[in-house]
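Taking it in order: structure first as structure tokens, then the write-up.
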There are 2 protein chains.
Amino acid sequence: MRASRLPFPKFFRGTAMSPEQGAFRALADPTRREILKHLSRSDMTIAEVADLFDVTRGAIKKHLVILEQGQLISVEAKGRERLNRLRPHGLKAATDWLSYFDRFWDDKLAALGQVIDAANSTKKDNDNE
Amino acid sequence: MRASRLPFPKFFRGTAMSPEQGAFRALADPTRREILKHLSRSDMTIAEVADLFDVTRGAIKKHLVILEQGQLISVEAKGRERLNRLRPHGLKAATDWLSYFDRFWDDKLAALGQVIDAANSTKKDNDNE
DNA sequence: CAGATGTGATACCTTTTGGTATCGCATCAA
DNA sequence: TTGATGCGATACCAAAAGGTATCACATCTG
């Protein structure tokens, strides 16, 4: 029977996802990333979003639900329609997570990061985390 | 027969993924994000990574393959072992993609972004509503 | 009112993901 | 040489993801 087709993955039914988990899950799909770019220009109903892609409204609706679960958009009932609006602060969860690695990919920042590390722990880098 | 269990998803067999697609796909899993943090501290063999988690080596190996496909790590054969090393520049693909939205979530940057937009397109740009 | 329309909710399908267990091979150590 | 040990490679499984089609319902509009 597979307890089939429940609306949420197990790890999200009942408890909350970490903010960066929701954000990264939502960002993993290219269609959803495109939707975000469109919503950054203007709020849109489901039908308006669906018109921009080659998939059905149902598929777009599912993408929007995942974006909403990831706190990347908010949805406002507006008469018969529902307006999807970018919630840009949600992306900050992903940006913040990634910022940990800034020192590693930017050579200029790397030098700075090492200076800061040295200053913060003049003895050694023990167990960070 | 389902052409079952091919090593790569269809969109990656044959052609290349966009850099941000590979990065975001890899980042979508919490175990992989943790692996990246560990690798930022030191290079590790598969067995060493697997010891940090409660899953089998096989599962960790699959995660490392996805991280490698996303250009987030590189793997160097070292005798009988294989050393997995963070490739931090790969994360820049995700950071770059997200930077488009900086102006939306940081109010201080928003003002700056609008100034820049205005300066860059004092004439056109009236396509939003 | 009656019809058109935007949406929600299902049911169902295929593919991908994340996991296990297992086998075989190369390489290191005794 | 003979084991141990890291890994690669499969085969297999359950669940999640991404999609379609369809129906019901609320809400606009003539």
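Every chain is numbered from 1, with letters handed out A, B, ... down the list of sequences.
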What's the [atom1]-[atom2] distance between [X] and [N], to the nearest Å?
X: A/Glu48; N: C/dG6; atom1: CD; atom2: C1'; value: 11 Å
X: A/Ile46; N: D/dC25; atom1: CD1; atom2: P; value: 18 Å
X: A/Asp29; N: D/dG19; atom1: CG; atom2: P; value: 6 Å
X: B/Arg57; N: C/dG24; atom1: CZ; atom2: P; value: 15 Å

Given the structure, check if the side chain of B/Lys61 and the base of D/dG8 hold any donor-acceptor pair shorter than 3.5 Å.
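Checked by distance alone, the answer is no.
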Can a side chain N or O of [X] be found less than 4.0 Å away from OP1 or OP2 on [N]?
X: B/Thr56; N: C/dT20; value: yes
X: B/Thr45; N: D/dC7; value: yes
X: B/His63; N: C/dG19; value: yes
X: B/Arg25; N: C/dT17; value: yes
X: B/Arg82; N: D/dG8; value: yes

Side chains of [X] and [Y], heavy atoms from C-beta outward: is any pair under 4.5 Å?
X: B/Leu27; Y: B/Arg33; value: yes
X: B/Leu91; Y: A/Phe104; value: no
X: B/Val49; Y: B/His38; value: no

Within the 4.0 Å heavy-atom criterion, would you say B/Ala47 contacts the bases, only the backbone, or no part of the nucleic acid?
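It contacts sugar-phosphate atoms only.
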Upstream residue (5' side of DNA chain D) when A/Lys78 and A/Ile60 are each assigned their closest nucleotide:
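First, find each residue's nearest nucleotide; the 5'-ward one identifies A/Ile60.
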First encountered from the 5' end of DNA chain D, between A/Arg32 and A/Glu81
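Per heavy-atom nearest nucleotide, the more 5' residue is A/Arg32.
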Angle between ring planes, B/Phe24 versus A/Phe24, binned at 30° and 60°: parallel, tilted or perpendicular?
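B/Phe24 vs A/Phe24 ring planes: tilted.
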What's the closest nucleotide to the B/Lys62 side chain, out of C/dG6, C/dA26, D/dA11?
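The answer is D/dA11, which lies nearest to the side chain.
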